[in-house]
Protein chains: 2
Amino acid sequence: MVVYALVLAAVVATLKYVEYRFMVKSLSTEVYIGVVAALFTGVGVWMGSKLIAAKKVVHVLPDPVVDDQAIRSSGLSARELEVLQLMAEGLSNQEIADKLFISLPTVKSHSSSLYAKLEVKRRTEAVHKAKSLRVIA
Amino acid sequence: MVVYALVLAAVVATLKYVEYRFMVKSLSTEVYIGVVAALFTGVGVWMGSKLIAAKKVVHVLPDPVVDDQAIRSSGLSARELEVLQLMAEGLSNQEIADKLFISLPTVKSHSSSLYAKLEVKRRTEAVHKAKSLRVIA
DNA sequence: CCCTGATCCATACGGAAGGATGATGGAATG
DNA sequence: CATTCCATCATCCTTCCGTATGGATCAGGG
């Protein structure tokens, strides 16, 4: 905003200068308006690109990524989330147990509770829903 | 562009009208310029948002899609691909059988052969690999 | 005409997955 | 201090999954 004010002031000053130098050459008011309009349309496009670009990036980036808010609102615990991610990578319960250094029953326990929280009955279903909710990548 | 020209013409006309009505009230040239500048800055922002938005969309879309070449080189048959896609959506073998109007053993037959072609042993693994190969969305 | 691959189906078996239930210890919260 | 939640493990039981094996039909290519 400060920058915009400065730019506007500078442009106005420049126009005044131009006005004094070329007014004698009978620049009509219509042409004058046209110049100002074209100029500030350009300024507007430039500003818009700057402002909107910043917003666009925010909306574009979270496309194939996880959504922290979705994770929190899912109610899944940290451990359940770990199990879920390994499930999504195609690991069996036993492989998950080995990788996390816990027993197979514990993996089943985690998986059962995460199924309940995601309201699904199968692991493939859980993975699919978790991805659609952006809980996992 | 045509629209822009029309809008500009309309605005200029309006300004001329306003000018004739309020010029007598000693509107300074600086204020006049300011109004025109602010107005067309707005027009510029609007134009910019329209134009840039269109370009952004084009660059965002081609991200999480299937690769036809990958499908062909995977060696999967059309039926196997159908089963695979339904697997990825979290359906059970029985649900897949119902949806495709075939028997459960047939679904198992297809799944077994697609496991072999993808060189995996579990459905979650198959889904994961197929997605990484862009065989399915 | 035979062979191959795709699609379809069946039976049977072992193993993995999922559900039910219960138990323990730790950490956090009120 | 009691309660609650998380994480851990266990056992029993049921269902689902994956594999093996075998067979049927049909289309297309050699």
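The sequence lines fix the lettering, A, B, ..., with proteins before strands; numbering per chain opens at 1. Quick note: numbers below take in every heavy atom, side chains included, and nothing from hydrogens, waters or symmetry partners.
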Inset, instruction - Please state how far atom NZ in K117(A) lies from atom C1' in dA7(D), giving the value in whole angstrom units. - result: 11 Å
Inset, instruction - Under 4.0 Å between any heavy atoms, over every strand shown, what does S92(A) touch: base, sugar-phosphate, or nothing? Just pick one. - result: sugar-phosphate
Legend entry - Side chain proximity check, K121(B) to E125(B), heavy atoms < 4.5 angstrom: yes
Inset, instruction - Name the nucleic acid region contacted by S111(A), choosing base, sugar-phosphate or nothing; use a 4.0 angstrom heavy-atom cut-off, strictly under. - result: nothing
Legend entry - Whole angstrom value for the distance that separates C1' of dC9(C) from CG of N93(B): 15 Å
Legend entry - Check: S109(A)/S112(A) side-chain N/O donor and acceptor closer than 3.5 Å: no
Legend entry - Atom pair NE2/CG of H110(A) and L81(A) - distance to nearest 0.5 Å: 12.0 Å
Inset, instruction - Remember a base hit wins even if backbone is also touched, and classify H110(B) as base, sugar-phosphate or nothing at under 4.0 Å, heavy atoms. - result: sugar-phosphate
Inset, instruction - Specify the residue among E80(B) and S109(A) whose closest nucleotide of DNA chain C lies further upstream toward the 5′ end. - result: E80(B)
Inset, instruction - Please report, rounded to the nearest Å, how far the P atom of dT14(D) is from the CZ atom of R122(A). - result: 20 Å
Legend entry - pair V135(A)-D67(A): side-chain heavy atoms closer than 4.5 Å: no
Inset, instruction - Please work out if T106(B) contacts a base, only the sugar-phosphate, or nothing of the nucleic acid, heavy-atom cut-off 4.0 Å. - result: base
Inset, instruction - In whole angstrom, give the distance that lies between atom CZ of R123(B) and atom C1' of dG15(C). - result: 15 Å
Legend entry - Between C1' of dC5(D) and CG of L114(A), the distance in whole Å: 16 Å
Inset, instruction - Give a yes/no on whether any side-chain N or O of R79(A) is located under 4.0 angstrom from OP1 or OP2 of dT8(D). - result: yes
Inset, instruction - Report yes if the side chains of E82(A) and L86(A) come closer than 4.5 Å at any heavy-atom pair, otherwise no. - result: no
Legend entry - Nearest to side-chain heavy atoms of S103(A), which nucleotide of dA10(D), dG18(C), dC17(D): dA10(D)
Legend entry - Per S77(A) side chain, nearest of listed nucleotides dC6(D), dA10(C), dT7(C): dC6(D)
Legend entry - Nearest-angstrom distance from the residue atom CG of L100(B) to P of dC8(C): 8 Å
Inset, instruction - Would you kindly give the CG-to-P distance between L81(B) and dG5(C), to the nearest whole Å? - result: 19 Å
Inset, instruction - Starting at atom CD of E82(B), determine the distance to atom C1' of dA6(C), rounded to an integer number of angstrom. - result: 13 Å
Legend entry - Nearest-nucleotide 5' precedence on DNA chain C, L104(B) against T124(A): L104(B)
Inset, instruction - Would you mind telling me which of dC9(D), dA17(C), dA10(C) lies closest to the side-chain atoms of I102(A)? - result: dC9(D)
Inset, instruction - Choose from dC17(D), dA10(D), dA10(C) the nucleotide whose nearest atom is closest to any side-chain atom of K108(B). - result: dC17(D)
Inset, instruction - Return the nearest nucleotide to the side chain of Y115(A); candidates are dT11(C), dG18(C), dG18(D). - result: dG18(C)
